[in-house]
Amino acid sequence: MQVICCVCHKTKTHNSWTKQAVRSGVQLSHGYCPQCHKQMMERVANFFAMNGCRKSA
Ligand SMILES: [Zn+2]
């Protein structure tokens, strides 16, 4: 099974993320590469900051 980033469509090969064609028949698991994961976390943090939904843990 191969992990593909659902944002930039890079696939994980060994320990690096590269943009490459995915062979048909390969099972894909959608996730986030470290770069897009970081962007997404920043976006989520901004969203909560803007909406004032910060709950005390
Ligand atoms: Zn990505």
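Any value given below was found using the heavy atoms of this structure, including those in side chains, with hydrogens, waters and symmetry copies removed. Atoms within each ligand, like the ligands themselves, are counted from 1 in listed order.
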Report the C-alpha separation of K10 and T18 in whole Å, then their side-chain angles, then the decisive distance to 0.1 Å, and conclude whether the side-chain contact (heavy atoms from CB on, under 4.5 Å) test is met. CA-CA 5 Å; K10 282 179 183 173; T18 49; 6.0 Å; no
Ignoring hydrogens, what is the shortest heavy-atom contact between W17 and I4? Give both atom names and the distance. CZ3-C, 4.3 Å
So which heavy atom on C5 is nearest to which on Y32, and how close? SG-CA, 4.0 Å
N/O/S from [X] sitting under 2.8 Å away from the Zn ion (ligand 1):
| X | answer |
| --- | --- |
| C5 | yes |
| C6 | no |
| C36 | yes |

Would V22 and Q2 satisfy side-chain contact (heavy atoms from CB on, under 4.5 Å), going step by step from the backbone distance to the final call? CA-CA 9 Å; V22 177; Q2 215 164 8; 4.1 Å; yes
